[in-house]
Peer 1: 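Below is one structure. I have some questions about it.
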Amino acid sequence: MEHVKNIRNDALVEAYRAMHANNVKETQEAVTRQMVQATFLIPVLPVKNKLPEDFPPKAIKNEGGQIFLPLFTDIDQAHAAMPGLSEHLLAIDISDVYGYLVDNKELQGAIINPFSKPNLVCVRSIVQNLAKLWSRIKTAEMNGEDSTSAAKANQENVQLLVPKKYPEGAAEMLCASLREQGYISRAWMCVIQKASAENSDTHDWMIVLDTDTTLNGKEDTFREIGQKLTPLLGKQNIIFVQNGEKFEALTRQAPPVYIREDSKS
């Protein structure tokens, strides 16, 4: 227990808060660097005659019924969120997190400090990529090599694609919800596709938003919109992000699914 009391990830918390406030390449890279260095705390359920490292993890459900692993950056976060289980905590890294996902196909990913605002949601594909990056860095360190080059050989190539046809009713539902948010001028609805993937039906969805203000502090609003879209999009994750430089290739080529009336020319 003394070991977990000493674990803190203040730099990670600072990094993902900065990304929520300004979601650009630099802040995303800062989060990635901290994620592969972090030691997380995960609550587990004790099982008689088993070692702590073999205890099953305590999972949580989001508002859409999807199952995630709760990860905490320090013991204070764990105590505040789950006082009944905070005495049963394991220290793990991102590679261990991915191991849990491999063992349980129902898990959709992990949420860092799930009961805090803001928090950090990592879907399965993100955890997998981070675990691969962690492995490359650790291998380089074990071989006495410079781990910096390994860290730069970042994640598996991912594309954002606007589908030719949206699931029935999904675009209409999204547009109706966005009209109620006067600060959103345009929106693109796209799938997150790995370069190696073939079946787009299994991909997560990303909603890229042009806004007149930051999205920080509006998490509850987009969680509610996501809940409305879930019956139409299935069990895939729905991620809302603010438009920025990294989305230029998409937003310049693809027509938006939503345009605010006063933004139409």
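Atom set for the values below is all heavy atoms of this structure, side chains included, hydrogens, waters and symmetry mates excluded.
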Peer 1: What residue pairs, at least two apart or across chains, pass side-chain hydrogen bond (donor to acceptor under 3.5 Å, both in side chains) with a residue in residues 8-18?
Peer 2: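 Listed once each, the pairs are Arg8-Asp10, Tyr16-Asn113.
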
Peer 1: Considering non-hydrogen atoms only, spot the tightest contact between Trp188 and Ala254 and give its length.
Peer 2: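 Residues Trp188 and Ala254, closest heavy atoms: NE1-O, 2.8 Å.
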
Peer 1: Does some side-chain heavy atom of Val257 sit less than 4.5 Å from a side-chain heavy atom of Val162?
Peer 2: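 No, too far: nothing below the 4.5 Å cut-off.
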
Peer 1: Would you say Leu120 and Met35 make side-chain contact, with heavy atoms under 4.5 Å?
Peer 2: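 Side-chain contact under 4.5 Å: yes.
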
Peer 1: So, does His20 use its side chain to make a donor-acceptor pair with the main chain of Asn119 at under 3.5 Å?
Peer 2: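 Present.
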
Peer 1: Shortest non-hydrogen contact from Pro114 to Phe72?
Peer 2: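 Heavy-atom minimum between the residues: CD-CE2, 3.6 Å.
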
Peer 1: One thing to verify: whether Asp210 and Arg260 come together as a salt bridge, which I'm taking to mean a side-chain N less than 4.0 angstrom from a carboxylate O.
Peer 2: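 No.
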
Peer 1: Can you name the nearest heavy-atom pair linking Leu229 to Ala170, along with the distance?
Peer 2: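 In terms of heavy atoms, the two residues are closest at CD2-O, 3.5 Å.
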
Peer 1: With a 4.5 Å heavy-atom cut-off, do Gln108 and Val123 have their side chains touching?
Peer 2: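 No - every pair of side-chain heavy atoms lies 4.5 Å or more apart.
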
Peer 1: Yes or no on side chain to side chain contact (heavy atoms under 4.5 Å, CB included) for Arg124 and Leu107, after CA distance, side-chain angles and deciding distance?
Peer 2: CA-CA 8 Å; Arg124 291 185 72 98; Leu107 291 169; 4.3 Å; yes

Peer 1: Can you name the nearest heavy-atom pair linking Gln34 to Ala11, along with the distance?
Peer 2: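 For Gln34 and Ala11, the tightest heavy-atom pair comes out as OE1-CB, 3.4 Å.
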
Peer 1: Sequence neighbours left out, what pairs pass side-chain hydrogen bond (donor to acceptor under 3.5 Å, both in side chains) with at least one residue falling in residues 89-106?
Peer 2: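 Residue pairs passing side-chain hydrogen bond (donor to acceptor under 3.5 Å, both in side chains), neighbours aside: Tyr98-Gln128.
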
Peer 1: So for atom NZ, which belongs to Lys117, do other residues, nucleotides or ligands contribute more than 12 heavy atoms lying within a distance under 6.0 Å?
Peer 2: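 At most 12 heavy atoms, drawn from other residues, nucleotides or ligands, come within 6.0 Å of this atom.
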
Peer 1: Which distance, rounded to the nearest 0.5 Å, do you find between the CG of Leu233 and the CD1 of Ile238?
Peer 2: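 Result: 4.5 Å between the selected atoms.
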
Peer 1: Would you mind reporting whether Ile75 and Ile7 have side-chain heavy atoms less than 4.5 Å apart?
Peer 2: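 With C-beta onward as the side chain, the pair stays apart.
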
Peer 1: Check the hydrophobic clustering (I, L, V, M, F, W, Y; side-chain heavy atoms under 4.5 Å; chains of links allowed) and say if Val24 and Ile126 are grouped together.
Peer 2: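 As far as the 4.5 Å side-chain criterion goes, Ile126 and Val24 are not connected within one cluster.
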
Peer 1: What's the spacing between Ile112 CD1 and Thr73 OG1 if we round to 0.5 Å?
Peer 2: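 Separation between the atoms: 8.0 Å.
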
Peer 1: Measure from NZ or CZ of Lys218 to the centre of the six-membered ring of Tyr183, then state whether that distance is under 6.0 Å and the direction lies within 45° of the axis.
Peer 2: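 The answer is yes, since Lys218 meets both limits relative to Tyr183.
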
Peer 1: For a 4.5 angstrom cut-off between non-hydrogen side-chain atoms, does Leu209 reach Gln242?
Peer 2: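 In short, these two side chains do not touch, never coming nearer than 4.5 Å.
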
Peer 1: Of all heavy-atom pairs between Phe68 and Ala110, which one has the smallest distance, and what is that distance?
Peer 2: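 The pair with the smallest heavy-atom distance is CD2-N, 3.6 Å.
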
Peer 1: What I'd like to find out is whether the side chain of Leu12 reaches to under 4.5 Å of the side chain of Phe40, using heavy atoms alone.
Peer 2: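 When only atoms from C-beta onward are counted, Phe40 and Leu12 do touch, with a gap below 4.5 Å.
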
Peer 1: For residues Ile42 and Leu69, determine if any side-chain heavy atom of one lies less than 4.5 Å from a side-chain heavy atom of the other.
Peer 2: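 Heavy-atom side-chain distance check passes, below 4.5 Å.
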
Peer 1: How long is the straight-line distance from CG of Asp76 back to NZ of Lys5, given to the nearest 0.5 Å?
Peer 2: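 The NZ atom of Lys5 sits 10.5 Å away from the CG atom of Asp76.
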
Peer 1: Rounded to the nearest 0.5 Å, how far apart are CD1 of Ile207 and CG of Leu174?
Peer 2: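 If we round to the nearest 0.5 Å, Ile207:CD1 and Leu174:CG are 5.0 Å apart.
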
Peer 1: Taking the side chain as every heavy atom from C-beta outward, state whether Gln77 and Leu41 have any atom pair closer than 4.5 Å.
Peer 2: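 Of all side-chain heavy-atom pairs linking Leu41 with Gln77, none is under 4.5 Å.
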
Peer 1: Show your working on side chain to side chain contact (heavy atoms under 4.5 Å, CB included) between Leu71 and Ile92 and close with a plain yes or no.
Peer 2: CA-CA 9 Å; Leu71 304 178; Ile92 62 173; 4.0 Å; yes

Peer 1: Of all the heavy-atom pairs spanning Leu89 and Ala78, show the shortest one and how long it is.
Peer 2: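 What the structure gives for the nearest pair is CD1-CB, 4.0 Å.
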
Peer 1: How long is the straight-line distance from OG1 of Thr221 back to CG of Leu178, given to the nearest 0.5 Å?
Peer 2: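 Rounded to the nearest 0.5 Å, the CG-OG1 separation comes to 11.0 Å.
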
Peer 1: Counting N and O atoms only, with roles assigned by atom type, does the side chain of Thr230 sit under 3.5 Å from a partner on the main chain of Gly226, one being a donor and the other an acceptor?
Peer 2: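 Checking the backbone N and O of Gly226 against the side chain of Thr230, a donor-acceptor pair under 3.5 Å is found.
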
Peer 1: Just verifying a value: how many Å separate Gln37 CD and Arg33 CZ, rounded to the nearest 0.5 Å?
Peer 2: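 Nearest 0.5 Å value for the CD-CZ distance: 8.5 Å.
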
Peer 1: Under the salt bridge (charged side-chain N to carboxylate O under 4.0 Å, His left out) rule, collect the residues that match up with Lys228, sequence neighbours excluded.
Peer 2: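 Counting only residues at least two positions away or on another chain, Lys228 forms no salt bridge (charged side-chain N to carboxylate O under 4.0 Å, His left out).
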
Peer 1: List the steps and the verdict of side chain to side chain contact (heavy atoms under 4.5 Å, CB included) for Leu232 and Glu168.
Peer 2: CA-CA 7 Å; Leu232 303 171; Glu168 185 175 356; over 6 Å; no

